[in-house]
Amino acid sequence: MKSKFFYRDIVVEVPDSVYFPRDDSIMLAELLEREKPETALDLGCGSGFLAILLAKRGCKVTAADVNPKAVEAAEKNAAMNFVDIKIIESDLFQNIKYDFDLIVFNPPYLPFEPYDLQWSGGIDLIKKFLEDAKSHLKKDGKIIFVVSNLTAPEKEIIEVIEKNGYKYKIFARRKIPWEELIAFELKL
């Protein structure tokens, strides 16, 4: 079964096996509307919503997801929204060959085991992402990603960020009934 998601002039169809855009996705979309990078990577693209938003802003976008159903949905949604996006199947940076001005990541940040790549990967996934992301970031590039206060204590997340050599700022916070979402902006 597919559900539709609407945001401004973007419409995406989301199969059940793909993460449906929620508060975290909308928060990132609002932040990305302030950005105008030349190149971007939407890692863990799901339905392709954020990649489509960036492409509509004139950005050259690569979108990647480990879930083949997400890759298929992102391809269909890009076509439905009349944008050209390079979409590939990749487990984090495994099949990523380029460097980017902006890397966007809305990870499966919940800490629940067993891990489910639609929802949970926790701090271990964040650590792996941060270790690998720096080798795909152009000079003066940045990363924008979101986590939850349920992922790990904020202090632990910041320690992981700093251990990997990033300078950070908290770009936004949003309280929703069951958690607080925190968006970070990172630079090397």
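In this structure, K167 does not pair ionically with E185, as no charged nitrogen and carboxylate oxygen lie closer than 4.0 Å. Using a 4.0 Å cut-off between charged side-chain N and carboxylate O, K128 and D132 make a salt bridge. Between D9 and K56, at least one side-chain nitrogen of the basic residue sits less than 4.0 Å from a carboxylate oxygen of the acidic one, meeting the salt-bridge criterion. With salt bridges taken as basic N to acidic carboxylate O contacts below 4.0 Å, one links E35 and K142.
Applying the ring-ring contact (aromatic ring centres under 6.0 Å, His included) rule to pairs touching residues 57-79 yields nothing, sequence neighbours excluded.
Checking Y168, F171, F184 one by one against F145, the ring-ring contact (aromatic ring centres under 6.0 Å, His included) holds for a single residue, F184. Evaluated for a side chain to side chain donor-acceptor pair (under 3.5 Å) with Y19, the options N106, D24, D65 yield exactly one hit, D24.
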Practice prompt. Test side-chain contact (heavy atoms from CB on, under 4.5 Å) on K4 and V14 and set out the steps.
Written response: CA-CA 6 Å; K4 285 192 176 182; V14 187; over 6 Å; no
Worksheet entry | Full working for side-chain contact (heavy atoms from CB on, under 4.5 Å) between I123 and E156 | CA-CA 9 Å; I123 192 70; E156 183 180 346; 3.8 Å; yes
Worksheet entry | Check against ring pair (Phe, Tyr, Trp, His ring centres under 6.0 Å), Y7 and F49 | CA-CA 9 Å; Y7 182 85; F49 163 55; 5.2 Å; yes
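For the pair R22 and F5, the cation-pi test (distance below 6.0 Å, angle within 45°) is failed.
A donor-acceptor pair is defined here as one N or O able to donate and one able to accept, closer than 3.5 Å; such a pair exists between the side chain of N149 and the backbone of E180.
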